[in-house]
Engineer: 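Let me begin by handing over the structure; questions about it come next.
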Amino acid sequence: MNKILAMPDGRSGRIVEVEAYCGAEDPAAHSFRGQTTRNASMFGEQGHMYVYFTYGMHFCANAVCWERAPGSGVLLRALEPLTGVERMREARHGIERNTLLCSGPARLTEAMGIDRELDGADLVLGSEGPLILDDGTPPPEVPTASPRIGISRGIDPPWRWHIEGNAHVSKRPSRPRAR
DNA sequence: TTGAGGATTCTC
DNA sequence: AGAATCCTCAAA
């Protein structure tokens, strides 16, 4: 949280919203039932990226992190755009409001140009493109744990965290999602 | 081999 | 509230 996701072409943003998915102990995790072709990178090296395709049109990106359990990862849900904003705007079909560029897991991958080609990329070295940097900004002192969004199982543990008051955090649907 | 459902977003 | 849209995996 509060670290920076950067692309080689200059696009970058601060990570202001994340969710944790915790392997075999988490029914909502793609890795819940063990390793498959799709989720293989969740079982690969920590610090690499797990990118998945969903709803027939969207990509979402995770940082693989086994701190709690094997096959775990952190879903990147929102960025505050820092640099390369015009580039992001192009990628997002000219969307004007900066708060809509990266405020959602599939929005931020579209804005940053992240797709299945980058599944498994090393986020620490940045050798394949995306890189996570620490500019010294500390994570929030008071955790803002809340329920995860868009899942149908494993809804109990409040494993979503965001920077309180940040305008680029994604908006929670007002109604509980159908299903 | 089949088909239900999905860590979503956009528009109506 | 409904559509877009395709891939994965469990079940048969």
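Note that the coordinates shown come from a computational prediction; the quantities given were computed from them, not determined experimentally. In what follows, chains carry the letters A, B, and so on, assigned in the order in which the sequence lines appear, proteins first and then strands, with residues in each chain numbered from 1.
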Engineer: Given A:Thr83 and A:Ser12, is the side-chain hydrogen bond (donor to acceptor under 3.5 Å, both in side chains) satisfied, shown in steps?
Structural biologist: CA-CA 5 Å; A:Thr83 62; A:Ser12 72; 2.6 Å; yes
Engineer: Does atom CD (A:Glu25) have a neighbourhood of more than 12 heavy atoms from anything else shown, all under 6.0 Å?
Structural biologist: yes
Engineer: So do A:Val85 and A:Leu101 actually touch side chain to side chain, heavy atoms under 4.5 Å?
Structural biologist: yes
Engineer: For residues A:Val74 and A:Asn62, determine if any side-chain heavy atom of one lies less than 4.5 Å from a side-chain heavy atom of the other.
Structural biologist: no
Engineer: Round to the nearest Å and state the distance from A:Tyr50 atom OH to B:dG6 atom C1'.
Structural biologist: 11 Å
Engineer: For the pair A:Ile114 and A:Phe59, evaluate side chain to side chain contact (heavy atoms under 4.5 Å, CB included) and give the outcome as yes or no after the intermediate values.
Structural biologist: CA-CA 7 Å; A:Ile114 292 170; A:Phe59 293 99; 5.7 Å; no
Engineer: With heavy atoms under 4.0 Å as the rule, sort A:Ile151 into base, sugar-phosphate or nothing.
Structural biologist: sugar-phosphate
Engineer: Round to the nearest Å and state the distance from A:His30 atom NE2 to B:dG6 atom P.
Structural biologist: 10 Å
Engineer: Would you kindly give the CZ-to-P distance between A:Arg153 and B:dG5, to the nearest whole Å?
Structural biologist: 11 Å
Engineer: Protein within reach of the bases, or only the backbone? For nucleotides 6-12 of chain C, mark each nucleotide 5' to 3' as B, S or -, using heavy atoms under 4.0 Å.
Structural biologist: BSSSS--
Engineer: Measure the distance from CG on A:Leu76 to C1' on B:dA7 and round it to the nearest whole Å.
Structural biologist: 12 Å
Engineer: Nearest to the side chain of A:Ser152, which nucleotide is it out of B:dC10, B:dA7, B:dG6?
Structural biologist: B:dG6
Engineer: Does atom CD of A:Gln35 have more than 12 heavy-atom neighbours, drawn from other residues, nucleotides or ligands, at distances under 6.0 Å?
Structural biologist: yes
Engineer: How is A:Arg92 classified with respect to the nucleic acid when contacts are heavy atoms under 4.0 Å: base, sugar-phosphate, or nothing?
Structural biologist: sugar-phosphate
Engineer: Dot-bracket for DNA chain B, please, read 5' to 3', with Watson-Crick or G-U wobble pairs under 3.5 Å on both distances, ( ) within the strand, [ ] crossing, | other strand, . unpaired.
Structural biologist: ||||||.||||.
Engineer: Cluster partners of A:Leu131, using ILVMFWY side-chain heavy atoms under 4.5 angstrom, listed by chain and number?
Structural biologist: A:Ile4, A:Leu82, A:Leu133
Engineer: Between A:Tyr52 (OH) and C:dT5 (C1'), how many Å, whole number?
Structural biologist: 16 Å
Engineer: Taking the ring of A:Phe53 and the ring of A:His58, is the distance between their centroids below 6.0 Å?
Structural biologist: no
Engineer: At 4.0 Å (heavy atoms only), tell me whether A:Ala28 reaches a base, stays on the sugar-phosphate, or touches nothing.
Structural biologist: base
Engineer: Determine whether A:Trp159 and A:Val18 make a side-chain contact, defined as any pair of heavy atoms from C-beta on separated by less than 4.5 Å.
Structural biologist: no
Engineer: Taking 4.0 Å as the cut-off, does a side-chain nitrogen or oxygen of A:Arg160 come that near to OP1 or OP2 on B:dA7?
Structural biologist: no
Engineer: Whole-Å distance between B:dC10 C1' and A:Arg97 CZ?
Structural biologist: 15 Å
